[in-house]
Amino acid sequence: MTAIPTPSYVTVDPAPRLVFGPGAVAEVGPIVRDLGVRRALLVTDPGVAAAGVAARVEAACAAAGVAVTVFDRVAPSPTLADVEAGVAAARRALDGGELAVVAVGGGSPMDAAKAIALGAVNPVPVRRLDDPAAVERPGLPIVAVPTTAGTGAETNGFGVVTDTEAVRKVYLGDESTVPVAAVLDPELTLGVPPPVTAATGMDALTHALESLASRRANDVAAGDALRAVELVSAHLATAVADGRDLAARSQLLLAAHLAGRAMRSTGLGLAHAIGHALTNRAGIPHGAALAMVLPAVLRFNLPVRAEAFGAAAGAFRFRSAGPTAPGDRTGGPASAEAAAHRLVDEVAALSAAVGTDRPLRAAGVGPGLVPVLAADAVADVVIANNPRPATEDEVAAVVTAAL
Ligand SMILES: [Fe+2]
């Protein structure tokens, strides 16, 4: 396969250490203790706390002799104010000693935790934590415990935080805030409701596909990304239909992690640029926003990434539920372009099977908002990785196609 353009130089960091499997949450305490730290700030959100999931992590820490302070005031799409409150909590817990940060939740608590870990030891306004010149000390060590299978936030050091004044996302963190360990326990995801399971699964799929298509695509990342596509396409509809299916939950949690590893060396692209704008301007949850625009973005990028998309279409061969996609999924060789079109059909069929195939109008987005979304998307740094350069007018056309 020569589908994936390979740059002349790629660096792949093996962090975080991965601990994966049912019951893995018990390892959180020993991992923190092995860092030489006896106190932890557990960063989570009210929903995860109310579901009792944070309490399981707290118990695992206590069993290993690690004292826990809980900070559970992270909002969905965390803001700079959330981070400031977390930094204050971390500094109180730190009190001149050692402290680890244990991030428990979906993308929001993990993103906030990175900024909190860095802000706790760097006396600058949290807004400046994206500036290497302002950051003098490495962040507190982070152990990440994802409770949804989607963001892959446990694989990288950058937290996406909303600057509510500027109405845009900022990326806070650095290499020191890559979690030292990612503890993937699928039992923690059994209670995730079907719509969230569907949306987060589509987020993971989007990470894998944008990684494969990125200007910085490479074959190391492609290995992880293609496996992630296989796992999401094979198991997402099952997990949406039966949230207690531990095998499906396990495979999705691993898929999200692999897609996260893939995007770490490639970046993302246009779907995320538009998706961030949709969350900021229309309040649409991240994964749901991505699912609504992904087919249109794939069609836009298809002319310059036909071979990579064809490879991704092949990774859908294990799809086991939902309507059969149009086209020949098992036959002989077809043109690269035909295979790439099949990817768009497969993605649309999977999205329909899990109920995320809504038009933007259904979420309250009308034509009047399109120019604002397009302007936001071209200003988002993530668009730099998109394989096909996109003008503001072209982005507006992609969004309009998803209306
Ligand atoms: Fe994402």
Side-chain angles (χ1 to χ4, degrees), residues 74 76-78 103 105-114 144 146-162 168-173 178-179 182 189 192 195-214 216-217 221 224-225 228-229 231-232 236 252-298 301 312 347 350-351 354 356 363 373 376-377 380-386 402:
V74 178
S77 302
S108 298
M110 286 192 281
D111 282 344
K114 295 166 190 171
T147 61
T148 61
T151 69
E154 74 276 11
T155 62
N156 66 70
F158 291 92
V160 186
V161 176
T162 302
R168 68 190 191 94
K169 303 291 189 193
V170 291
Y171 300 84
L172 307 182
V178 176
T189 70
V192 178
V196 179
T197 301
T200 50
M202 293 302 290
D203 185 21
L205 179 67
T206 307
H207 295 157
L209 296 177
E210 294 216 284
S211 176
L212 286 163
S214 169
R216 294 191 284 141
D224 285 337
V229 174
L231 293 174
V232 172
L236 183 58
L252 289 176
L253 194 55
L254 183 60
H257 185 76
L258 293 176
R261 286 202 328 198
M263 71 174 166
R264 197 173 157 202
S265 68
T266 63
L268 296 166
L270 180 58
H272 272 75
I274 299 172
H276 291 158
L278 285 167
T279 301
N280 285 340
R281 300 288 183 179
I284 306 173
H286 179 65
L290 293 173
M292 287 191 270
V293 299
L294 182 58
V297 170
L298 292 175
N301 284 332
V347 168
L350 177 63
S351 187
V354 300
T356 55
L373 296 168
D376 283 1
D380 192 311
V381 296
V382 78
I383 203 171
N385 306 304
N386 200 64

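For ligands, and for the atoms within them, numbers begin at 1 and follow the listed sequence.
Ring orientation note: the planes of H286 and H272 are tilted relative to one another, at an angle of 30° to 60°.
With waters left out, the protein N, O or S atoms under 2.8 Å from the Fe ion (ligand 1) add up to 4.
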Taking it one step at a time, do T147 and V192 satisfy side-chain contact (heavy atoms from CB on, under 4.5 Å)?
CA-CA 8 Å; T147 61; V192 178; 5.9 Å; no
Problem set entry | L258 and R261: CA distance, side-chain angles, deciding distance, side-chain contact (heavy atoms from CB on, under 4.5 Å) verdict | CA-CA 5 Å; L258 293 176; R261 286 202 328 198; 3.9 Å; yes
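No side-chain heavy atom of V161 sits less than 4.5 Å from a side-chain heavy atom of K169.
The closest donor-acceptor contact from the side chain of K114 to the backbone of F158 lies under 3.5 Å. Between the side chain of N385 and the main chain of S214, no donor-acceptor pair closer than 3.5 Å is present.
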